[in-house]
Amino acid sequence: MKITPIIGLEVHVELKTDSKMFCGCNAEHFHAKPNTHTCPVCLGMPGALPVPNKKACQWCVKLGLALGCTVNEYSFFERKNYFYPDLSKSYQITQYQKPFTVNGKITVQGQEIRINRAHMEEDTGKSVHMVINGEESTLLDFNRSGVPLVEIVSEPDIVLSIQAKEYLLKIQQLIRYLGISNADIEKGSMRCEPTVNLKIEDNGKTFYTPLSEIKNVASLTGVQNAIDFEIERQTQAFKETKEVKNSKNKTTRGWDADKARTFLQREKEGSADYRYFPEPDIPPIEFTPAEIEEIRMTLPEMSEQKIEKYQTIYGLSDYDAKLLAEDQNFAAAYEALFDTEFVSKDQDTLKVFAKFAANLFLGSIKTYLNETQENIDSSKIVAKYFWDLFNSVQNKELSSSVAKQVTTESYKTGKHPVEIAKEMGLIQVSDSNQIEKIAKEVVVANPKAVQDYQKNPMSIGFLIGQLMRASGGSANPQVAKEILEKLLKNPTL
Ligand code: ZN
Ligand code: MN
């Protein structure tokens with residue numbers, strides 16, 4: 001029996017526009033006092049007229065373009081009818097027959113995942129369940145009702161749960177690069193619903209198990225675990241019941257993160273149950289080719305392009321390039337080091353610096369940001385500091401490990417890293433005249449050790465130690481060793 005999972009993902013992303021999708025209410029709902037960001041339109045009062053948010057529509061198109069989609073020049077909104085208490089109109093304004101963008105694709109770890117569509121819709125309100133006066137009660141908060149939402153639907157091209165996770169990370173990174181949403185899964189501004197079923201080949205016959213759509217998955221690890229659980233559950237269910245997919249048995253299952261299992265929520269409505277029909281209160285929307293091009297021009301340099309650039313121009317490894325490009329602001333801060341008067345015109349030096357700075361960005365600054373859970377503050381990245389530090393290491397005044405140490409300190413305090421090294425007594429003396437002077441004194445003061453050296457060259461360690469001590473620890477040990485060896489081999493010097 002050969003089992004192949006068929007996994008698709010629906011992703012909902014809340015856009016961070018100032019106002020809601022069809023009214024002027026403040027779209028920022030996180031932690032706002034319940035029902036303070038509402039009006040007759042987003043409360044679904046009869047007769048209230050929706051007016052589409054132009055910026056949200058443009059951002060949806062922008063996202064579609066970044067996903068390689070085609071933009072429909074003619075599209076319209078539709079009503080999707082269903083009843084939940086947090087959907088006060090009893091329908092959601094969304095897109096069905098003619099979404100803004102269709103047929104895209106993204107590459108995830110070398111594999112192409114097709115995108116069916118990225119369309120525009122509105123978010124629902126929130127039901128809050130609590131016990132009031134000893135009774136189980138449900139309270140409704142409509143602050144989120146009508147917040148612009150983009151839905152990205154993939155084709156079921158994913159076969160592994162880890163791929164699903166990587167796909168979501170990629171989508172999240174792309175959205176953040178575009179600056180249209182925080183795409184925060186824990187806070188719900190990015191929500192993921194995997195659909196899972198199995199293709200089972202057994203004795204020359206092929207079966208498909210009933211499709212499950214999994215809701216309420218609030219983390220990337222949750223998505224991965226929910227898919228794995230569902231694959232296992234469907235495999236067992238097939239072995240027991242031999243039930244196969246038909247048009248009716250699509251189900252919605254919830255994910256219980258604590259118990260690490262999915263559970264049946266309801267038999268899924270088919271699209272016929274939604275009774276879609278064109279939204280009569282909003283005229284069709286048209287994007288001219290010129291308008292689409294104008295939006296395309298606003299696309300920033302994406303992570304793939306940065307990774308490519310870092311490898312070809314800066315000579316960085318694929319690994320370093322990917323880590324640097326993970327976050328757009330972090331990448332921009334790194335790139336700013338090359339956009340300065342201090343930049344070396346010599347290509348080789350430039351590459352050495354690029355690698356040096358990448359090590360500091362990934363080794364010191366990223367580590368610090370991870371520890372403190374902060375985002376990079378680009379005002380704290382001073383190009384001159386990095387070039388000065390680079391020159392100090394090139395001149396052997398500082399070791400690379402000291403450079404790492406003082407970079408974190410400099411980022412925290414805003415002080416010049418080389419100054420910090422000086423204050424901490426971490427500057428190495430590599431000036432051979434200066435070291436030679438100390439070396440001569442050490443040789444004169446330690447005749448016994450000099451004799452030992454003539455019998456056993458390994459014993460030079462003692463003399464290096466004496467030299468380091470005499471220099472207050474500031475001598476570059478490598479240079480010290482070379483000078484001592486030279487002196488000991490030619491006592492006449
Ligand atoms: Zn409103
Ligand atoms: Mn939706």
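Since the structure is predicted, the reported quantities are computational estimates derived from the model, not experimental observations.
At least one donor-acceptor pair under 3.5 Å links the side chain of N143 to the backbone N or O of H37. Remark: side-chain polar atoms of K165 are not paired, donor with acceptor, to backbone N or O of V223 under 3.5 angstrom. Not one N or O on the side chain of N329 forms a donor-acceptor pair closer than 3.5 Å with the backbone of I376. Looking at R144, its side chain does come within 3.5 Å of a backbone N or O of G125 through a donor-acceptor pair. In this structure, the side chain of T101 engages the main chain of A118 through a donor-acceptor pair within 3.5 Å. A side-chain donor-acceptor contact under 3.5 Å links Q95 to the backbone of M120. In this structure, D256 contributes its side chain and R261 its backbone to no donor-acceptor pair below 3.5 Å.
Contacts classified as ring-ring contact (aromatic ring centres under 6.0 Å, His included) and involving residues 411-444 (residues at least two apart or in different chains) are given here: Y368-Y411, Y385-H416.
Residues passing the side-chain hydrogen bond (donor to acceptor under 3.5 Å, both in side chains) test with K384 are D388, sequence neighbours excluded. Shown here are the side-chain contact (heavy atoms from CB on, under 4.5 Å) partners of S471, two or more places apart in sequence or in another chain: I438, S474, A475. Considering only residues two or more places apart in sequence or on other chains, D318 meets the salt bridge (charged side-chain N to carboxylate O under 4.0 Å, His left out) condition with K322. Shown here are the side-chain hydrogen bond (donor to acceptor under 3.5 Å, both in side chains) partners of Q173, two or more places apart in sequence or in another chain: S303. Considering only residues two or more places apart in sequence or on other chains, H12 meets the ring-ring contact (aromatic ring centres under 6.0 Å, His included) condition with none of them. Applying the salt bridge (charged side-chain N to carboxylate O under 4.0 Å, His left out) rule to K33 yields no partners; only residues at least two apart in sequence or on another chain are considered. For Q111, the side-chain hydrogen bond (donor to acceptor under 3.5 Å, both in side chains) partners two or more places apart in sequence, or in a different chain, are Q163. In this structure, the side-chain contact (heavy atoms from CB on, under 4.5 Å) partners of E423, at least two apart in sequence or on a different chain, are K415. By the side-chain hydrogen bond (donor to acceptor under 3.5 Å, both in side chains) test, N116 pairs with E155, sequence neighbours left out. In terms of the ring-ring contact (aromatic ring centres under 6.0 Å, His included) criterion, residue partners of F22 (sequence neighbours excluded) are, by chain and number, F77. Applying the ring-ring contact (aromatic ring centres under 6.0 Å, His included) criterion to Y314, with sequence neighbours excluded, gives Y310, F338.
Looking at every heavy atom in both residues, A56 comes nearest to P148 through CB-CB, 3.9 Å. Contact record, C25 with C42: SG-SG, 3.7 Å, taken as the closest heavy-atom pair. The shortest heavy-atom contact between Y177 and E326 is CE1-O, 4.0 Å. The two atoms that bring A325 and K306 nearest to each other are CB-CB, 4.1 Å, heavy atoms only.
To the nearest 0.5 Å, atom CG of residue L15 and atom CG of residue L149 are 7.5 Å apart. Atom-to-atom distance recorded for K215:NZ and T252:OG1 is 5.5 Å, nearest 0.5 angstrom. Considering CD of E294 and OG1 of T288, their distance stands at 8.0 Å, rounded to 0.5 Å. Within the model, atoms CG of L160 and CG of D228 stand 9.0 Å from one another, a figure rounded to the nearest 0.5 Å. To the nearest 0.5 Å, atoms NZ (K412) and OG1 (T407) are separated by 12.0 Å. In this structure, SG on C23 lies 9.0 Å from CD on E122, to the nearest 0.5 angstrom.
For the pair K170 and I113, the minimum side-chain heavy-atom distance is 4.5 Å or more. Proximity of C57 to M21: side-chain heavy atoms (C-beta onward) are separated by under 4.5 Å at one or more points. Between E73 and I292 the shortest side-chain heavy-atom distance falls below 4.5 Å. You'll find the side chain of Q58 reaches within 4.5 Å of the side chain of K54, heavy atoms only. A 4.5 Å side-chain heavy-atom check between V159 and T4 finds at least one atom pair inside the cut-off. Taking 4.5 Å as the limit, some side-chain heavy atom of P194 sits within range of a side-chain heavy atom of L9. You'll find the side chain of M302 reaches within 4.5 Å of the side chain of L174, heavy atoms only.
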T221 vs S219, side chain to side chain donor-acceptor pair (under 3.5 Å): CA-CA, chis, key distance, verdict: CA-CA 5 Å; T221 318; S219 72; 4.6 Å; no
List the steps, then state whether side chain to side chain contact (heavy atoms under 4.5 Å, CB included) holds for S344 with F353. CA-CA 9 Å; S344 170; F353 172 77; over 6 Å; no
Working note: T349 + D346, criterion side chain to side chain donor-acceptor pair (under 3.5 Å); need CA distance, chi angles, decisive distance, verdict. CA-CA 5 Å; T349 311; D346 175 63; 2.5 Å; yes
Dump the intermediate steps for side chain to side chain contact (heavy atoms under 4.5 Å, CB included) on I295 and T298, then the final yes or no. CA-CA 5 Å; I295 297 173; T298 67; 4.3 Å; yes
Worked check of side chain to side chain contact (heavy atoms under 4.5 Å, CB included) between L63 and I180: CA-CA 8 Å; L63 176 54; I180 59 175; 3.9 Å; yes
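Salt bridge present: E436 and K440 bring a charged side-chain N and a carboxylate O closer than 4.0 Å. A salt bridge links K355 with D320; the closest basic N to acidic carboxylate O contact falls under 4.0 Å. K187 and E14 are not joined by a salt bridge, as no carboxylate oxygen comes within less than 4.0 angstrom of a charged side-chain nitrogen.
Of the residues Q172, M190, E193, R191, the one that meets the side-chain contact (heavy atoms from CB on, under 4.5 Å) test with V11 is M190.
Residues F100 and F287 place their aromatic rings such that the two centres sit under 6.0 Å apart.
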